[in-house]
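Data block below; observations after.
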Protein chains: 2
Amino acid sequence: MKSSPAKDTMAIAVRDKMRADILGARLKPGQRLMFAELSERYGVSVGVTREALTWLSSQGLVKATAHQGYMVTPLTMAELDALTEARLLIESEVLKLSIRNGDTEWEGLIIAAHHVLSRTPSSAEGSDPNDDAAQDAWAEAHAAYHEALLSACGNPRLMQIVRTLSEEAALYRRWSISLGHINHQAAAEHRALLEHCLAREPEEAAEALRQHVSHTRQMLMEYITEAQ
Amino acid sequence: MKSSPAKDTMAIAVRDKMRADILGARLKPGQRLMFAELSERYGVSVGVTREALTWLSSQGLVKATAHQGYMVTPLTMAELDALTEARLLIESEVLKLSIRNGDTEWEGLIIAAHHVLSRTPSSAEGSDPNDDAAQDAWAEAHAAYHEALLSACGNPRLMQIVRTLSEEAALYRRWSISLGHINHQAAAEHRALLEHCLAREPEEAAEALRQHVSHTRQMLMEYITEAQ
DNA sequence: AACCATTGCATATTCGAATGTATTGATAAC
DNA sequence: GTTATCAATACATTCGAATATGCAATGGTT
């Protein structure tokens, strides 16, 4: 038995923890990220913190300004618009691809993911919007379902792009929910999406996905307008 | 007149120099990147080198393996396939968007960019494939043209994604050319693309772009097969 | 009062040394 | 002859201190 098969670096660990903290609403959009504070929080030196921040900024979760440090990417209307449009355009195409390539195993995958999601209480179904653990669980199930839908596209590159975009969208969703905004139709939309995929109707499925993303955007816009 | 308007950090400067060195064929795909060597080459400490590499690895130009360092991303058939498919799917859609949104100013932009490209000698037109300066110039004009075509899409996010993909594709093109592979139809394809854009024919333009990208892929495949 | 320069402070950035991890090559055991 | 063990080396990783930069407050000048 090997003692340590493949240990990650501290920087990777910190980057992941930090990503989780941002996505988990423990670090607020627009909040300044100072090295002294972060280094103590994660128990590492500034160099490691810096490397983690560099990575996250390249992924768009934090924003860097030379000689002025880092902050959690602020949520803005313009960014939400661009993000939504990019998702509409890319995800709908990738979904079509996935439906065409998907085999029976894939069908099983999306049915399973949908089942888990449908059994995970969302804020629309009465879970407390301020219960972080509950929201984390739903966000994870939601991300897993969307990823499963696209997973049969067979292109790691496309998956990576979609994942990056989805992650940022999850950030908007998270903060929107914590303010009480809820997409009551989400569950129905998820189900419709599943049906179209299983029926092998690429165009209809893509349209359903577009509806879902657009609708989510609408809800988030209310949040930003309200939160300023 | 301000004395120092906005100085970048060393890490940013090194990252850009390194990107240029990779894209400029001065660092070979698969080549190991060692800190001692790089730090001396760019005249900075290992910390800065590390930050630059972290960024580049997130963009896919270099590959990181924990505790084993970094290397220039190796060129593989599988990667080329995924990359090409992603470009086909995304760029054609973004192009349609760009054509729909583009105004007269945009038309001027793409005409200008095409003019520059057409006047920059490519290896297909007799420039020496081993003349790095000449190849850099053509690659830059080529990238500028493709970027101009899509620039009217009005979505910084999409532009950023396309840029990342294009940059990596340029890496394949660069090495393919240096081995004597030449896309003789490129100039004609670029012209056809321009015509369709000016005529406001989104579908035809997108198809022309798909042709162009596919054709380029074909040429690069020969390179990889040959170079192993 | 409004504007510009200066100083002091908080913080980001950079460095070089200290530490930890993989790999290589040699030697011993099977 | 093959596999296992163990140094020795080369290197990536991490640290904490040293430096440079931006910002806010202060004081002086028009």
Side-chain angles (χ1 to χ4, degrees), chain A residues 1-22 27-74, chain B residues 1-22 27-74:
Chain A
M1 187 192 291
K2 296 261 184 64
S3 57
S4 57
K7 197 165 71 175
D8 274 353
T9 67
M10 293 265 178
I12 294 175
V14 170
R15 144 159 84 73
D16 290 344
K17 267 188 238 168
M18 213 146 98
R19 196 215 318 274
D21 282 344
I22 294 173
L27 294 172
K28 298 184 189 179
Q31 174 179 344
R32 191 163 170 202
L33 298 167
M34 283 180 298
F35 289 103
E37 186 187 330
L38 289 178
S39 299
E40 201 207 359
R41 174 174 190 153
Y42 299 112
V44 295
S45 73
V46 292
V48 171
T49 302
R50 198 177 173 77
E51 188 174 331
L53 284 170
T54 298
W55 180 282
L56 291 172
S57 80
S58 79
Q59 298 296 318
L61 279 181
V62 311
K63 192 171 163 325
T65 312
H67 296 288
Q68 287 175 240
Y70 295 77
M71 67 168 73
V72 181
T73 301
Chain B
M1 187 193 291
K2 295 257 183 71
S3 56
S4 57
K7 197 164 72 173
D8 275 352
T9 68
M10 293 266 178
I12 294 174
V14 170
R15 144 161 80 76
D16 290 344
K17 267 188 238 172
M18 216 147 99
R19 195 213 322 270
D21 282 344
I22 294 173
L27 294 172
K28 297 182 189 180
Q31 175 179 343
R32 191 160 171 206
L33 297 168
M34 282 178 300
F35 289 103
E37 187 187 330
L38 289 177
S39 298
E40 202 209 359
R41 175 175 190 152
Y42 299 110
V44 294
S45 72
V46 292
V48 170
T49 301
R50 200 177 170 78
E51 187 173 331
L53 284 170
T54 299
W55 181 282
L56 291 172
S57 80
S58 78
Q59 299 295 317
L61 279 181
V62 311
K63 191 171 163 328
T65 313
H67 297 289
Q68 286 176 240
Y70 294 78
M71 67 168 72
V72 180
T73 300

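Below, chain A is the first sequence line, B the second, and so on; all start at residue 1.
Distance from the side chain of M34(A) is smallest for dT11(C) among the nucleotides dT13(C), dT14(D), dT11(C). Distance from the side chain of A11(A) is smallest to dT14(D) among dA12(D), dT13(C), dT14(D). With dC15(D), dT13(D), dC15(C) as the choices, the nucleotide that has an atom nearest any side-chain atom of T9(A) turns out to be dT13(D). Set against dT14(D), dA12(D), dG22(D), the side chain of V46(B) has dT14(D) as its closest nucleotide.
OP1 or OP2 of dT21(C) has not a single side-chain nitrogen or oxygen of Q68(B) nearer than 4.0 Å. Taking side-chain N and O atoms only, R50(A) has a distance below 4.0 Å to OP1 or OP2 of dT13(C).
Using a 4.5 Å heavy-atom threshold, the side chains of L56(B) and T73(B) count as separate. The closest side-chain heavy-atom distance from M18(B) to Y42(B) is below 4.5 Å.
Looking at heavy-atom distances under 4.0 Å, G69(B) makes contact with sugar-phosphate atoms alone, never a base. Among the heavy atoms of the strands lying under 4.0 Å from L33(B) are primed sugar atoms or P, OP1, OP2 only; no base atom is included. Residue contacts for A36(B): at a heavy-atom cut-off of 4.0 Å it reaches no nucleic acid atom on any strand shown.
For the pair M10(A) CE and dT19(C) C1', the interatomic distance rounds to 11 Å; values are reported in whole Å. Between H67(B) atom NE2 and dG20(C) atom C1' there is a gap of 8 Å when expressed in whole angstrom units. The interatomic distance linking Y70(B) (OH) with dC11(D) (P) rounds to 17 Å, in whole Å. The distance between atom CG of L38(B) and atom P of dC11(D), rounded to the nearest whole Å, is 12 Å. Counting to the nearest Å, the C1' atom of dA12(D) and the NZ atom of K7(A) are 13 Å from each other. Across the protein-nucleic acid pair, E51(B) atom CD and dC15(C) atom P stand 11 Å apart, rounded to whole Å.
Contacts of R32(B) classified as salt bridge (Lys or Arg N to Asp or Glu O under 4.0 Å), with partners at least two apart in sequence or in another chain: none.
Summarising the geometry of D16(A) relative to R19(A), their closest heavy-atom pair is OD1-NH2, 3.1 Å, with the distance given to 0.1 Å. Here the shortest heavy-atom pairing between S58(B) and S58(A) reads OG-OG, 2.6 Å.
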